Each structure stands twice: as C-alpha cells, then as structure tokens.
Amino acid sequence: MVDRALQRRPDAKWYVFIEADTYMIWQNMLEYLSKFDDKQPYYIGKHMYIGEVLFAHGGSGFALSNPAMRKVASYWRAHLEEFDHYTRDEWAGDMVLGKALKDVGIGLFPAFPHLQGDSMSTLDWNVSKLDRQPWCFAPITFHHASKAEFDLMWQFEQKWHRSHSERDAFRFRDVFKGLVYHYLQPNRPNWDSISTEIEYSDESLGKLSDEERSRLSPAERQAPSSFKKCQVACESRPACIQFSYTPGRCSTSKELRLGYAAESQCSEYSSAAGRCMDPGVKEKGTDATPVVQSGWIMERVSSYMQDLDRSCDGVTGNGWVT
C-alpha cells in the first residue's frame with residue numbers, strides 16, 4: 001500500500017491513509033499537516049499497541065511525510081521475505097507498518113484526539129488519553145461512521161464554512177453543540193445511548209453479595225421495573241448523565257455518548273463494542289419485542305458542557321497537538 005502510493009505520487013508532500021468507513025474533515029487535515037515540516041520523516045496517527053509494538057491505528061487514519069514514505073518503502077523492498085512471514089503471523093497490517101517504521105527509526109507522533117477510532121455516535125465526548133480530552137481540539141477523523149453520520153457531518157461542515165473563515169477550524173465542542181446536543185432528550189424512544197457503566201437487572205442484581213445489595217438505594221433496586229424508575233435511579237447518582245431501558249433492564253452511565261437508532265448494530269472495535277444492548281431480544285414467554293428507550297439528564301448535560309468549556313482555557317497550541 002505504501003509502496004504503491006509512493007509510486008503513483010512520488011513527489012507528494014504528504015500521504016494520508018484512511019478506511020472507507022472513516023469520515024475525514026479534509027480542511028482540518030490540511031490545516032493540521034501544515035503545522036509540520038514535510039521535509040522531515042513524520043508518522044502521525046492515533047496511538048495503539050499490540051504487544052510491544054506502538055503504531056498508528058489504521059481505522060482512525062494516519063499520515064506519512066514523503067521522507068518517511070521513501071525510507072520505509074526502501075526498507076520494505078530490502079526485507080520482502082522477512083515481512084511476508086511477519087505479515088502472515090500477524091493480523092493487523094497497520095501494526096506491521098508501525099514495526100517497519102520503528103525499524104527505520106521513525107517513531108509515531110500521537111495525534112489523539114484529532115484522529116478518532118470511534119464514530120460520532122459511540123465517542124465518549126469527555127474521554128481522556130495522553131492527558132488530552134477531545135472537547136477543545138479540532139476533529140479530523142471519525143471511524144466506523146454510518147452513511148447517516150457521513151451526511152450529517154458533511155452538512156455540518158458546509159454550514160460551518162459558510163459562516164467562518166477558511167482557516168477557522170471547528171472543534172469537537174462545536175460538533176457537539178451544533179449537531180449532537182439537539183439529539184439529546186429526557187426520553188428518546190427507539191434509541192440506544194450506549195449506557196454501559198452500571199446495569200440494573202434481575203441477573204446483575206442477583207450477582208451482588210448481600211453487602212453490595214444493602215448499599216443500593218431504593219431507587220436503584222427499583223430501576224429495572226420501568227423507564228421512569230430507571231431515570232430516577234440515574235438521577236439518584238450525582239455523576240450519572242444518561243441511561244437506557246429495555247423491559248427488565250436499566251443501564252446507566254456517567255460517560256456521555258450520542259448512541260444510535262435501536263435497529264443499529266454495535267461498532268466493531270469501538271470502546272463499547274460487545275456491550276451494546278440488543279433491542280431485538282424478545283421477553284421470555286411473550287411475542288412482544290422490547291424496544292430500547294434512552295434519556296439524558298439535561299441539567300447535567302448543560303453543566304457538563306460548561307465545565308468542559310472552562311477546561312479549554314488552559315489548552316496550549318490553540319486546539320492543535322504539535
């Protein structure tokens with residue numbers, strides 16, 4: 001892939017690699033790369049580890065400068081047999097590339113949070129990695145984006161650029177306030193908010209010890225019985241900001257996510273993968289198919305946004321990781 005790209009455009013300053021389900025904000029990518037010296041060997045991406053190999057996650061997208069491309073392509077050609085064996089033994093091509101770059105002395109420049117492994121729907125908008133939170137920074141990619149997300153982001157981009165200068169890059173907070181916030185409601189039917197922190201159900205409560213059960217509030221004990229009781233349980237915990245409910249199961253979370261329509265599937269490799277609720281599971285002994293409902297504690301969402309806005313006062317680099 002790298003060698004073929006280099007052959008097709010040998011004089012390009014930068015080479016950007018993304019996957020088909022990755023939404024890229026092109027203007028922000030151009031602005032970001034302009035802050036680096038393209039004459040130096042750069043490998044820029046979202047950090048990920050497999051074993052001891054640090055590499056750029058391919059789904060989040062990554063960029064290589066021309067000198068980095070030439071150096072790693074030359075090394076790969078000289079060690080074809082070795083890399084053929086290595087690739088057969090490893091499942092991740094992006095990791096193989098990261099190892100080759102490390103072998104030639106080019107380390108990864110970690111560009112989190114600009115490059116995201118989650119989509120707009122599955123992203124925890126307050127997630128912290130490398131002592132950075134997305135809110136104050138400019139987004140460049142969202143991975144595992146659905147067609148609906150592509151359309152919504154494109155429309156948001158066009159609206160933004162009509163009212164701002166070309167170099168005025170929007171931040172994650174602008175996407176949240178201008179796009180995501182309008183979907184958050186106290187009661188949103190047929191919607192899975194991916195609330196996966198604490199679950200209240202007969203099954204989960206049955207696994208608790210007597211001591212753990214004794215620490216539950218009355219609101220928490222009653223949470224599985226109805227959507228309203230689930231909401232009350234969330235409100236009873238000061239950090240809880242969202243919840244979702246299917247008959248007999250209440251799930252709550254202090255992490256704010258948008259989620260998606262109930263018929264959607266969980267996104268592979270997202271931080272919530274494997275833990276999303278299946279709205280199509282029928283209750284035992286009935287023909288009814290429960291549909292997930294979700295809600296947000298809107299007063300807490302407002303405080304959440306205000307707190308994150310204040311956090312931007314101490315961010316260096318004007319919203320760019322350089």
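Just so you know, these numbers come straight off a predicted model, no measurement behind them.
- Here CG of Leu101 is found 9.0 Å from CG of Leu108. Values are rounded to the nearest 0.5 Å.
- Under the 30°/60° scheme for interplanar angles, the aromatic rings of Trp191 and Tyr183 are found to lie parallel.
- Other members of the hydrophobic cluster containing Leu216, listed by chain and number, are Ile198, Tyr200, Leu205, Leu208; membership follows side-chain contacts under 4.5 Å among ILVMFWY residues, whether direct or relayed.
- The aromatic rings of Phe36 and Tyr42 lie perpendicular to each other, with more than 60° between the two planes, well past the 30° mark.
- Not counting sequence neighbours, the partners of Arg4 by the side-chain contact (heavy atoms from CB on, under 4.5 Å) test are Arg8.
- For NZ of Lys177, the number of neighbouring non-hydrogen atoms (other residues, nucleotides, ligands) closer than 6.0 Å is greater than 12.
- Between Tyr304 and Trp135, the angle of the ring planes goes over 60°, which puts this pair in the perpendicular group of the 30/60° scheme.
- With a 6.0 Å radius and a threshold of 12 heavy atoms from other residues, nucleotides or ligands, Phe156 has its CZ atom above the threshold.
- At most 12 non-hydrogen atoms from other residues, nucleotides or ligands lie less than 6.0 angstrom from CG of Asp202.
- With a 6.0 Å radius and a threshold of 12 heavy atoms from other residues, nucleotides or ligands, Arg9 has its CZ atom at or below the threshold.
- Contact annotation: the side chain of Leu64 never approaches that of Trp14 to less than 4.5 Å [non-hydrogen atoms, C-beta and beyond].
- Side chains of Gln293 and Ser244: a donor-acceptor N/O pair is absent below 3.5 angstrom, by distance only.
- Rounding to the nearest 0.5 Å places CG of Leu256 at 12.0 Å from CZ of Arg300.
- In the displayed structure, Glu203 atom CD is contacted under 6.0 Å by at most 12 heavy atoms of other residues, nucleotides or ligands.
- Listed by first and then second residue, the disulfide bond (SG atoms under 2.5 Å apart) pairs involving residues 30-113 amount to none (not counting sequence neighbours).
- For residues 136-193, the pairs satisfying disulfide bond (SG atoms under 2.5 Å apart) are Cys136-Cys312, with sequence neighbours left out.
- At a threshold of 4.5 Å between non-hydrogen side-chain atoms, the residues Asp3 and Trp76 count as touching.
- Residues satisfying the salt bridge (Lys or Arg N to Asp or Glu O under 4.0 Å) criterion with Lys99, sequence neighbours excluded, are Asp103.
- Applying the side-chain contact (heavy atoms from CB on, under 4.5 Å) rule to Thr22 yields the partners Ile18, Glu19, Thr141, His143; only residues at least two apart in sequence or on another chain are considered.
- Counting heavy atoms from C-beta on, the side chains of Leu179 and Met153 come closer than 4.5 Å.
- The backbone N or O of Asp168 lies less than 3.5 Å from a partner atom in the side chain of Trp160, making a donor-acceptor pair.
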